[in-house]
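Note that ligands are numbered from 1 as they come in the structure, with each ligand's atoms numbered from 1 the same way.
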Amino acid sequence: METAEIRRRFLSFYESKGHTIVPSSPLVYDDPNLLFVNAGMVPFKPYFLGQQAPLWDRATSVQKCVRTGDIEEVGKTSRHGTFFQMNGNFAFGDYFKEGAIRFAWELITTPQGQGGYGLDADKIWPTVYEDDDEAYELWHKMIGIPAERITRRGKLDNYWHMGVPGPGGPCSELYLDRGPEYGREGGPAVDEDRYLEFWNLVFMQYELSAVRAKDDFDIAGELPKKNIDTGMGLERMATLLQGVDNLYEIDEVYPVLDRAAELTGKKYGAHSGHAASESHPDDVRLRVVADHVRSSLMLIGDGVTPGNEGRGYVLRRMLRRAVRSMRLLGYDEPSLPLLLPVSVERMKNSYPELEAGFDRISQIAYAEEEAFRRTLASGTTILDTAVAKTKSTGGSTLAGDQAFQLHDTYGFPIDLTLEMASEQGLEVDRAGFTRLMEEQRNRAKADAKSKKGGHADTVVWKDLRALGATDWRAYQELTSDAKVLGIIVDGERVEELEPGRRGQVVLDRTPFYAESGGQIADEGVITADGAHLKVIDVQRPVKGLVAHTVEVLTGPLRVGQDVSAEVDADWRISACQAHSGTHVVHAALRQVLGPTALQSGSYNKPGYLRLDFAWGQGLSPETRSEIEEVANLAVRQDLPVSAQYMTLPAAREFGALALFGENYDEQVRVIEIGGPWSRELCGGTHVGHSSQIGALTVTGESSVGSGVRRLEAFVGMEALHYLAKERALVAELTDIVKVQPGELKERVAALVARVRDAERELEKLRREQVQASTGKLVEYAHDVDGVRVLTHDAGDGTTADDLRTMVLDLRNRLGEAAPSVVALTGVAGGRPAIVVATNAGARDRGVKAGALVRLAAQTLGGGGGGKDDLAQGGGTDPSRTGEALGQIDRAVQAATQGAG
Ligand code: ATP
Ligand code: MG
């Protein structure tokens with residue numbers, strides 16, 4: 001049975017049981033704790049948490065999911081995809097355990113000819129939570145499954161909660177026994193590959209008051225309204241119904257694997273057994289390619305672009321891992337252009353928007369592969385240099401900071417560094433690398449936390465939200481009379497806030513715009529009898545609730561107090577200019593570049609805006625000017641700006657642009673500028689007419705990752721200030737170089753050329769000088785036990801390259817008549833270097849350059865080495881070059897005596 005058919009049967013089965021079909025939400029969801037939607041229940045969370053009244057009693061969906069935690073499992077087990085689809089049925093205070101079990105059983109055991117999945121009832125093994133006798137009895141008595149096929153499992157396997165206080169409850173999972181060729185007998189607890197889990201039924205039954213770990217929590221009591229949340233893995237059901245070994249072999253995934261095998265000349269499956277544990281490494285790699293290509297397609301389709309953190313990093317990692325796996329399989333050419341089209345061909349039936357957006361999607365993916373190929377090329381050189389340096393100082397381990405730098409700056413994955421270093425006989429300081437990664441991650445986390453006002457602790461907000469939604473008046477007024485509903489300091493509710501302190505304040509009504517949709521929060525003040533507070537940030541920690549981060553200037557402020565909340569009017573006008581300006585620039589971009597130049601992110605604050613958009617290459621100065629021109633024309637035409645509300649499908653019909661990955665309510669707000677010229681879904685604040693934007697100056701355009709460009713602009717008075725500053729700069733420059741503005745460019749170019757010539761001349765002179773003075777040094781050669789030894793400190797400003805030239809020159813001059821050794825030190829950039837050369841006679845007497853350098857370089861606080869005839873080293877302490885040279889003398893003496 002095709003995957004599409006399994007999906008269709010699921011939805012129509014539950015629809016026939018009174019469930020409303022709810023479309024999948026995008027993979028990117030507006031939840032600070034989630035990178036991607038990872039289960040079917042995510043979009044229904046507000047209902048389960050009691051934050052919103054459910055729109056239906058029963059719902060069903062096929063939800064797109066990505067689980068980043070499963071990335072390492074891909075290909076190694078038979079059942080983990082990074083992207084997968086979860087079929088679910090949900091009941092909100094409606095049917096409970098009995099209903100959920102009955103429905104699931106009916107669907108899976110009804111014969112295929114009668115619309116079900118036709119699984120063999122005797123091979124189904126349910127699990128239940130150890131104390132859940134009710135579920136056990138339902139499976140045993142009501143359905144009739146023999147006791148030996150029902151497994152009771154503990155909290156780690158069969159208990160569900162969200163990791164925070166809130167709803168929780170036992171689950172019951174369904175496994176199918178795939179037979180002895182897949183592994184050991186004994187049920188799900190013994191072998192999770194042979195017994196394949198395909199469905200999880202969650203019974204939300206309790207209110208948890210504290211959650212310390214997956215298996216450590218306190219139950220406060222029964223939920224007043226019990227809920228059902230189930231998840232059936234669509235790919236896993238397809239694996240079972242298509243009679244294949246694993247989910248990489250189903251109809252939606254296998255064609256990519258097949259193409260990859262063809263390109264790499266591998267015979268998939270030839271060296272593997274049925275069980276995942278009996279897989280040949282090449283087969284695992286082919287599965288990784290197929291999985292990651294599909295996941296990347298789905299992620300880019302939902303608006304994710306490759307980047308160095310968060311979601312973008314996950315995507316980048318998957319794309320690169322796919323490309324890298326192809327290389328390891330022996331395919332060195334660009335591979336995505338041959339694989340991605342195969343994947344979209346399979347996925348477009350369920351997701352037609354992938355086909356419509358494929359130009360954009362493929363452009364982003366291919367650009368990332370190109371970038372990675374360049375990275376591999378340049379990173380390899382950098383890695384080689386690092387390896388050579390490590391070896392020259394006698395080390396055998398590549399430092400953790402070098403591996404980290406390769407990763408951080410050049411996007412070099414650590415497994416690649418490990419592998420390539422080991423090819424050259426080096427290990428990598430993994431612990432050091434991991435520590436640096438950890439530090440970076442913590443920094444990022446701390447940033448994110450301070451940014452969002454640390455609203456990880458959702459209970460406090462939930463409690464406040466229970467008092468009612470904030471009456472949000474940002475579109476209507478700049479000043480609101482309000483009452484203080486709550487004050488929060490460090491995640492705890494307090495009764496008052498003293499002068500000098502910071503905290504978060506929730507009011508019953510507010511005119512403040514909370515940061516969202518790229519527009520930053522309003523600034524302003526909150527005043528009350530005896531209290532004056534500065535508003536620093538405004539966020540929406542949970543839906544419907546506005547929290548003001550404030551600093552108390554005079555106070556205290558108390559809960560229950562009447563206040564006046566006042567947005568800074570100048571600030572707001574500038575904020576409106578910037579946000580409307582962003583829409584104007586976006587429309588201008590699309591007018592000039594075409595409709596594929598779609599915004600992927602934006603940020604605006606008074607006076608400034610930036611816009612990220614999908615585009616493969618840099619814009620020429622002419623194109624930039626054209627965009628600026630079109631935007632300013634729209635400003636001059638004084639187009640009306642208006643807002644209207646409609647349903648999401650109506651807005652789509654209307655041609656309004658929706659940013660991917662945003663989550664929209666039932667009613668969405670569409671901002672129009674000049675009618676159809678610019679129509680976008682947007683919750684921001686805007687000017688009334690485009691002329692109010694004032695001037696608009698594009699100041700820069702740059703790359704922010706493959707396939708994404710960033711345009712920056714100043715608006716309103718800031719644009720004017722920017723131009724005035726540039727004008728002043730030109731005036732200063734013309735004054736310095738003493739020309740008219742029109743001649744400035746030529747004059748500066750000429751000056752730069754002259755400086756370059758002068759530098760070259762200087763370098764030539766310096767080299768000549770070094771050579772001339774080298775000759776004289778021969779005189780310093782002195783005799784040590786019959787060996788002519790020449791040691792000299794060439795001083796500051798002599799590079800290792802200089803030293804080497806000089807040493808070879810001097811060894812030549814000393815000739816072969818007698819044994820001789822030349823050792824020179826120098827300092828460049830504060831670091832000392834030493835180079836030693838020997839002639840044949842000296843080597844016969846046992847004097848070896850490599851040994852001498854190792855000794856001397858140690859004195860310099862470093863290391864080095866080389867051959868018997870020529871060697872080089874360096875260190876960190878420039879004050880000890882004299883000492884190091886003294887050592888050479890003594891070492892020559894020791895060597896000759898040893899040899900004699
Ligand atoms: P497993 O232990 O096999 O990783 P899970 O217990 O993490 O599964 P749940 O969180 O219960 O899975 O998710 C519900 C259903 O979603 C599972 O029964 C399975 O069918 C499916 N599922 C979960 N993770 C994946 C995945 N990575 N790829 C494909 N399907 C998955
Ligand atoms: Mg899992």
With heavy-atom distances below 4.0 Å as the criterion, list the atoms of ligand 1 near [X].
X: W199; value: 18 (O)
X: M86; value: 13 (O), 14 (C), 16 (O)
X: D70; value: 24 (N), 26 (C), 27 (N)
X: F198; value: 18 (O), 20 (O)

Salt-bridged, [X] to [Y], with N to O below 4.0 Å?
X: R320; Y: E368; value: yes
X: R79; Y: E73; value: no
X: R178; Y: D245; value: no

Exercise. Using a heavy-atom cut-off of under 4.0 Å, does the side chain or the backbone of R236 touch ligand 1, or both, or neither?
Worked result: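 For R236, the contact with ligand 1 is made by the side chain alone.
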Exercise. Taking heavy atoms and a distance under 4.0 Å, where does F84 meet ligand 1: side chain, backbone, both or neither?
Worked result: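 For F84, only side-chain atoms sit under 4.0 Å from ligand 1.
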Exercise. Does NZ or CZ of K17 lie under 6.0 Å from the centre of the six-membered ring of Y95, at an angle within 45° of the ring axis?
Worked result: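 Geometry flag: not set, cation outside 6.0 Å or 45°.
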Exercise. On the ring face of Y351, is R7 found with NZ or CZ under 6.0 Å from the centre and within 45° of the axis?
Worked result: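 R7 over Y351 ring: yes.
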Exercise. Does the side chain of I150 reach to within under 4.5 Å of the side chain of H140, using non-hydrogen atoms?
Worked result: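 Yes - at least one pair of side-chain heavy atoms lies under 4.5 Å apart.
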Exercise. Would you say E355 has more than 12 foreign heavy atoms packed within less than 6.0 Å of its CD?
Worked result: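 Not more than 12 within 6.0 Å, no.
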Exercise. Got more than 12 heavy atoms from elsewhere within 6.0 Å of NZ, K123?
Worked result: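 At most 12 heavy atoms, drawn from other residues, nucleotides or ligands, come within 6.0 Å of this atom.
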Problem set entry | ligand 1 contact by L247, heavy-atom criterion under 4.0 angstrom |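 Yes, L247 has heavy atoms under 4.0 Å from ligand 1.
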Exercise. Mind checking whether E173 has a heavy atom under 4.0 Å from ligand 1?
Worked result: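 Yes, E173 has heavy atoms under 4.0 Å from ligand 1.
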Evaluating non-hydrogen atoms only, which member of [options] is closest to [atom]?
atom: atom 5 (P) of ligand 1; options: E235, R67, E192; value: R67
atom: atom 11 (O) of ligand 1; options: N200, L234, V202; value: N200
atom: atom 15 (C) of ligand 1; options: A39, G69, C65, G231; value: G231

